[in-house]
Amino acid sequence: MTRVYSHDGLTLNHDFAACGGPQEAPARPWPPDTPQGGPDGGHARQVGTLFRLADLLVSEGVLEGEFEDMEVQHRLQKCVYIAQQMGADMGYRFCFLGSGAFSTNLAIDVCHRGDARGGHDPFAGSPAILEKFLGLVRGHTTEWLQVATFAMRPSNATLSRAGFVDRVAWNGSGYSRKRAARVFDAVAALGAPGGPQA
């Protein structure tokens, strides 16, 4: 792990080698010391959108605690990835680690949350998709959310249930076959855009 950023006493660590491959959204300059385009620019609005979703997740009981807490940040990472795969307009790029989807830019934006300006509702005009999203992320452990990001990963979209379980529960991964199967079933049952279909 390499120390990559420290802000207000919070250090974020990231293994860049693990995220060296293609990622899933256009990159922006990294790391921003001030919001891109100034405090009222597009980056400030993106951070605003992130925290509109984060506030919703807090109100729904999906996130509990302070944003300085690494566990809260970890859960937020997984929720944002799932939201984007379901069509939410967030603009983050992700790579995959052993613990599921991770975005360096999102991690930095958590540190820059005081720069948030405006933003939009990432599920605007899609209340049915928002309800499916909340149904998928509400009431589950962090490990469950990690496996859900694998289920929503485009490269896994064509896998059968058995194929997904085999891929996720490989020897040494720490994920049980039973959990992988349950997550696959939950994602497929919702018919969530970007996920496996029943």
Side-chain angles (χ1 to χ4, degrees), residues 1 4-5 7 10-16 18-19 23-24 47 49-86 88 90 92-111 113 122-123 129-156 159 161 164-190 192 194-196:
M1 297 294 260
V4 297
Y5 192 69
H7 178 75
L10 176 65
T11 299
L12 302 175
N13 294 309
H14 179 58
D15 180 355
F16 282 103
C19 284
Q23 298 190 5
E24 297 175 8
V47 179
T49 299
L50 170 64
F51 279 93
R52 287 184 70 165
L53 180 63
D55 288 345
L56 173 66
L57 293 169
V58 168
S59 71
E60 292 289 332
V62 177
L63 297 178
E64 297 178 359
E66 302 297 322
F67 286 108
E68 289 80 7
D69 182 344
M70 294 305 287
E71 176 68 13
V72 172
Q73 293 180 34
H74 185 70
R75 288 179 66 83
L76 180 59
Q77 288 267 349
K78 308 317 168 205
C79 290
V80 170
Y81 180 79
I82 293 167
Q84 285 193 173
Q85 291 305 105
M86 295 181 73
M90 305 284 294
Y92 288 101
R93 62 190 185 119
F94 287 82
C95 64
F96 274 79
L97 307 174
S99 59
F102 177 83
S103 168
T104 302
N105 289 335
L106 192 158
I108 292 167
D109 284 353
V110 171
C111 294
R113 61 191 173 279
F123 285 101
I129 299 296
L130 172 60
E131 285 308 308
K132 286 184 178 187
F133 166 71
L134 291 173
L136 192 59
V137 300
R138 192 187 291 128
H140 294 292
T141 66
T142 300
E143 183 178 305
W144 196 98
L145 294 173
Q146 290 172 188
V147 177
T149 67
F150 289 115
M152 302 292 287
R153 188 177 187 183
S155 64
N156 291 333
L159 292 176
R161 183 179 194 259
F164 177 76
V165 169
D166 287 344
R167 181 170 288 179
V168 171
W170 53 272
N171 188 29
S173 73
Y175 298 115
S176 74
R177 297 181 69 79
K178 185 180 289 187
R179 168 154 292 162
R182 286 179 180 162
V183 171
F184 181 94
D185 291 345
V187 173
L190 282 175

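Hydrogens, waters and symmetry mates play no part in the numbers below; they use all other heavy atoms, side chains included.
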Inset, instruction - Supply the atom-to-atom distance Gln73 CD to Cys111 SG, rounded to the nearest 0.5 angstrom. - result: 6.0 Å
Legend entry - side-chain hydrogen bond (donor to acceptor under 3.5 Å, both in side chains) involving Glu131 - partner list, sequence neighbours excluded: none
Legend entry - Thr141 and Arg179, any side-chain heavy atoms less than 4.5 Å apart: yes
Inset, instruction - Could you pull out the closest heavy-atom pair between Val62 and Cys79, with the gap in Å? - result: CG1-SG, 3.7 Å
Inset, instruction - State the CZ-CZ distance between Phe184 and Arg167, to the nearest 0.5 angstrom. - result: 11.5 Å
Inset, instruction - Please name the pair of heavy atoms, one in Val187 and one in Ala151, separated by the smallest distance, quoted to 0.1 Å. - result: CG2-CB, 4.0 Å
Inset, instruction - Check whether any side-chain heavy atom of Val80 lies under 4.5 Å from a side-chain heavy atom of Phe94, and answer yes or no. - result: yes
Inset, instruction - Would you check if the distance from the ring center of Phe133 to the ring center of Phe123 is below 6.0 Å? - result: yes
Legend entry - Any Phe51 side-chain heavy atom under 4.5 Å of Asp109 side chain: no
Legend entry - Distance, nearest 0.5 Å, that separates CG of Leu57 from CD of Glu64: 11.5 Å
Inset, instruction - Kindly say whether Gly61 contributes a backbone atom to a donor-acceptor pair with the side chain of Arg138 at under 3.5 angstrom? - result: no
Inset, instruction - Please check if the side chain of Thr49 supplies one atom and the backbone of Pro122 the other of a donor-acceptor pair under 3.5 Å. - result: no
Inset, instruction - Please test Glu66 against Val72 for side-chain contact (heavy atoms from CB on, under 4.5 Å), starting from the C-alpha separation and ending with a verdict. - result: CA-CA 7 Å; Glu66 302 297 322; Val72 172; over 6 Å; no
Inset, instruction - Could you tell me how the ring of His140 sits relative to the ring of Trp144: parallel (under 30°), tilted (30 to 60°) or perpendicular (over 60°)? - result: parallel
Inset, instruction - Would you give the length of the straight line joining atom CG of Leu134 to atom CD1 of Ile129, rounded to the nearest 0.5 angstrom? - result: 11.5 Å
Legend entry - Distance-only polar pair, side chains of Gln77 and Ser103, donor-acceptor under 3.5 Å: no
Inset, instruction - Give a yes or no on whether the backbone of Gly100 and the side-chain of Gln146 come within a donor-acceptor separation of less than 3.5 Å. - result: no
Inset, instruction - Apply side-chain contact (heavy atoms from CB on, under 4.5 Å) to Ser99 and Lys78, showing your working. - result: CA-CA 9 Å; Ser99 59; Lys78 308 317 168 205; 4.2 Å; yes
Inset, instruction - Could you please spell out the steps behind the side-chain contact (heavy atoms from CB on, under 4.5 Å) verdict for Leu130 and Leu56? - result: CA-CA 11 Å; Leu130 172 60; Leu56 173 66; 3.6 Å; yes
Inset, instruction - Assert yes or no for the condition that the ring centre distance of Phe164 to Phe150 is strictly below 6.0 Å. - result: no
Inset, instruction - Measure across Ala83 and Leu53 and return the closest heavy-atom pair with its distance rounded to 0.1 Å. - result: CB-CD2, 4.1 Å
Inset, instruction - Please determine if Arg153 forms a cation-pi arrangement with Phe96, meaning its NZ or CZ atom is less than 6.0 Å from the six-membered ring centre and no more than 45° off the ring axis. - result: yes
Legend entry - Distance, nearest 0.5 Å, that separates CZ of Arg182 from CZ of Arg177: 14.0 Å
Inset, instruction - Please tell me if the side chains of Met152 and Gln84 come closer than 4.5 Å, counting only heavy atoms from C-beta onward. - result: no
Inset, instruction - Please list, chain by chain and in numerical order, all residues satisfying salt bridge (charged side-chain N to carboxylate O under 4.0 Å, His left out) with Asp185, sequence neighbours excluded. - result: Arg161
Legend entry - Nearest heavy-atom neighbours spanning Gly135 and Leu190: C-CD1, 4.5 Å
Inset, instruction - Drop me the distance from Glu71's CD to Leu63's CG, to the nearest 0.5 angstrom. - result: 9.5 Å
Legend entry - Any side-chain heavy-atom pair of Leu50 and Leu76 under 4.5 Å: yes
Inset, instruction - Would you name the heavy atoms of Tyr81 and Ala101 that are closest together and state the gap between them? - result: CG-CB, 3.4 Å
